[in-house]
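Worksheet: one structure, shown below.
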Amino acid sequence: MSSIIQLLPDHVANQIAAGEVVQRPASVVKELLENAVDAGATDIKLIIKDAGKALVQVVDNGLGMSVTDARLSFERHATSKIRKAEDLFSLHTKGFRGEALASIAAIAHVEMKTKQDQEELGTQIVVEGSKFMSQEVAVLPKGTSFAVKNLFFNIPARRNFLKSDTVEYRHVVDEFQRVALAHPNIYFTFYHNGSEMFNLPASSLRQRIVNIFSGKTNQKLVPVQEETEMVTIQGFVSKPEFAKKNRGEQFFFVNDRYIKSGYLHHAVMAAYDGILKDGAQPSYFLYLTVPPNTIDINIHPTKTEVKFDDEHALYAILRASIKHSLGQFNVAPILDFDRDSNLDTPYHYKDLQGATPTIQVDGSFNPFSDDKVNKHYSGYKKPEPTANWESLYVGLKQDSEFSIANTDFFV
């Protein structure tokens with residue numbers, strides 16, 4: 001009987017892997033942006049056309065790649081992030097699987113331009129459906145430009161499953177915001193069909209949040225800060241009066257990596273227990289820093305789900321830190337039965353200006369002048385001294401004796 005198990009060709013294996021890694025244009029955006037961050041870039045540009053269906057391009061000023069690395073980066077399981085299995089438990093980078101570029105190149109037309117700072121010339125590579133079309137030397141700036149065109153060109157069924165441009169664009173924006181929020185120290189710009197959608201200079205975390213969501217974001221943020229041996233928590237939560245009906249502005253980051261966690265979300269909601277309306281959802285931007293060996297981020301291809309060593313303790317710390325912040329900034333309600341309403345400022349006084357007191361001084365007054373003293377104290381009548389003060393007690397003895405003597409009348 002002949003053998004029925006065969007090794008799949010590389011291009012077929014890459015297409016299968018792409019089914020896990022690349023689900024829509026937003027998946028390409030995520031992988032390319034994270035690669036740019038890992039390359040040490042300080043300026044990253046995202047350019048898309050037709051919601052990413054026609055073009056997804058990421059340009060960075062990072063380290064760039066040599067000729068050998070540029071060619072090898074398209075091979076499956078080729079990565080610069082890990083060397084041995086133990087490295088999976090001490091990760092400090094975004095990507096590590098070595099499947100992203102190979103998967104993307106299997107289902108799109110890819111053009112990569114890259115140059116290292118110490119090199120005079122760079123490398124330009126064109127790949128179409130896992131086939132290397134060309135590799136040339138080119139004059140390029142420092143960094144890497146990765147352009148992905150015609151996504152799913154060789155898998156029509158997958159392309160037909162893509163949603164409308166509006167929906168796909170919304171997913172691209174979500175991925176862009178997650179990376180931008182995780183790295184406020186990097187300058188991000190985002191262009192769609194030639195129009196600038198976001199311009200985010202390097203800034204503080206609070207300013208980055210305000211620049212992305214604008215509006216009244218700044219006034220609704222309450223800072224959260226907690227440091228323990230297990231975890232360091234920082235970030236912001238929203239005041240209860242700014243809660244929304246949807247869960248749009250809710251972000252968890254663990255070691256600068258965006259994650260989804262229903263368990264941690266429940267901890268946040270528990271901290272708001274009693275101060276939110278039914279169905280209302282608070283906004284939060286929470287950044288957790290934990291030792292890399294206490295989490296496992298290799299449980300999902302998109303790396304948005306992680307497993308913690310001690311989730312119960314993390315739950316309690318997160319809930320307590322948020323409750324403390326809400327109470328510290330007088331957001332949580334307070335019961336005060338000793339409050340005196342008479343001390344409240346009347347409502348109609350709120351716009352009144354206080355009158356400036358005036359002082360009148362008599363410059364000609366001299367306390368050592370008799371005339372001045374007599375003049376200023378002319379209306380003052382000096383009391384006459386009591387010469388015979390003993391007269392005040394005259395008759396008291398007789399009255400006392402009379403009172404005592406007449407007590408017999410009542411007996």
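Counting begins at 1 with the first residue of the sequence.
- The structure places NZ of Lys113 at 10.0 Å from CD of Glu136, a figure rounded to the nearest 0.5 Å.
- Atom CD of Gln118 sits in a crowded spot, with more than 12 heavy atoms from other residues, nucleotides or ligands closer than 6.0 Å.
- Judged purely by distance below 3.5 Å, without hydrogens or angles, the side chains of Asp256 and Tyr287 never pair a donor atom with an acceptor atom.
- Heavy atoms of other residues, nucleotides or ligands lying less than 6.0 angstrom from CZ of Phe161 number 12 at most.
- When side chains are defined from C-beta on, Val237 does not count as touching Pro282, because their heavy atoms never get closer than 4.5 Å.
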### Query
After noting the C-alpha distance and the side-chain angles of Val290 and Asn255, does the key distance pass the side-chain contact (heavy atoms from CB on, under 4.5 Å) rule?
CA-CA 7 Å; Val290 300; Asn255 296 353; 4.0 Å; yes

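- At a threshold of 4.5 Å between non-hydrogen side-chain atoms, the residues Asp165 and Lys53 count as touching.
- In terms of the ring pair (Phe, Tyr, Trp, His ring centres under 6.0 Å) criterion, Tyr191 has no residue partners (sequence neighbours excluded).
- The side chain to side chain donor-acceptor pair (under 3.5 Å) with Asn61 is formed by just one residue from the set Asp43, Thr144, Thr42; it is Thr42.
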### Query
Does the pair Ile259 and Leu288 meet the rule for a side-chain contact (heavy atoms from CB on, under 4.5 Å), with working shown?
CA-CA 10 Å; Ile259 68 163; Leu288 285 64; over 6 Å; no

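- Between Phe176 and Phe188, the ring planes are perpendicular. Angles over 60° get that label, and only those under 30° would be called parallel.
- His192 and Tyr169 have parallel rings, their planes meeting at less than 30° on a 0 to 90° scale where 60° marks the start of perpendicular.
- Side-chain contact between Val173 and Phe190 is present, with at least one heavy-atom pair separated by less than 4.5 Å.
- Rounding to the nearest 0.5 Å places CE of Met112 at 10.5 Å from CG of Leu140.
- The only member of Val29, Leu101, Val28 that meets side-chain contact (heavy atoms from CB on, under 4.5 Å) when paired with Val148 is Val28.
- Atom CD of Glu227 has 12 or fewer heavy atoms from other residues, nucleotides or ligands within 6.0 Å.
- Expressed to the nearest 0.5 Å, how far CE of Met133 lies from CD of Glu128 amounts to 4.5 Å.
- Side chains of Pro25 and Leu162 form a contact here, defined as non-hydrogen atoms less than 4.5 Å apart.
- Two residues are said to be in side-chain contact when any heavy atoms from C-beta on lie closer than 4.5 Å; Leu55 and Ile48 fail this criterion.
- Side chain of Lys115 to backbone of Glu119: a donor-acceptor contact under 3.5 angstrom is found.
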#### Entry: Evaluation steps, side-chain contact (heavy atoms from CB on, under 4.5 Å), between Glu249 and Lys220
CA-CA 12 Å; Glu249 300 176 7; Lys220 74 179 183 181; 3.0 Å; yes

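- Side-chain contact between Met269 and Leu276 is present, with at least one heavy-atom pair separated by less than 4.5 Å.
- Remark: aromatic rings of Phe213 and Phe285 are close, center separation under 6.0 Å.
- Just one of Phe236, Phe252, Phe242 meets the ring pair (Phe, Tyr, Trp, His ring centres under 6.0 Å) condition when paired with Tyr284; it is Phe252.
- Taking the side chain as every heavy atom from C-beta outward, Ile107 and Leu151 approach each other to under 4.5 Å.
- Atom OG of residue Ser134 and atom CD1 of residue Ile125 lie 8.5 Å apart, to the nearest 0.5 angstrom.
- For the atom pair CD of Gln225 and CD of Gln328, the computed distance is 10.5 Å after rounding to the nearest 0.5 Å.
- A heavy-atom distance below 4.5 Å is not found between the side chains of Thr189 and Leu46.
- Listed by first and then second residue, the ring pair (Phe, Tyr, Trp, His ring centres under 6.0 Å) pairs involving residues 124-150 are Phe74-Phe132, Phe74-Phe146 (not counting sequence neighbours).
- Between Gln57 and Ser145, the side chains place a donor N or O and an acceptor N or O closer than 3.5 Å (distance only, hydrogens not considered).
- Residue Arg206 holds its CZ atom at 8.0 Å from CD1 of Ile209, rounded to the nearest 0.5 Å.
- With sequence neighbours left out, the side-chain hydrogen bond (donor to acceptor under 3.5 Å, both in side chains) criterion links Glu168 to Arg24.
- With hydrogens and angles disregarded, a donor-acceptor distance shorter than 3.5 Å links the side chain of Asn154 to the backbone of Ala106.
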### Query
Do Lys30 and Leu33 pass the side-chain contact (heavy atoms from CB on, under 4.5 Å) test, and can you show the C-alpha distance, the side-chain angles, and the key distance before you say yes or no?
CA-CA 5 Å; Lys30 175 183 182 296; Leu33 287 178; over 6 Å; no

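- In Lys142, the NZ atom is crowded: over 12 heavy atoms of neighbouring residues, nucleotides or ligands sit closer than 6.0 Å.
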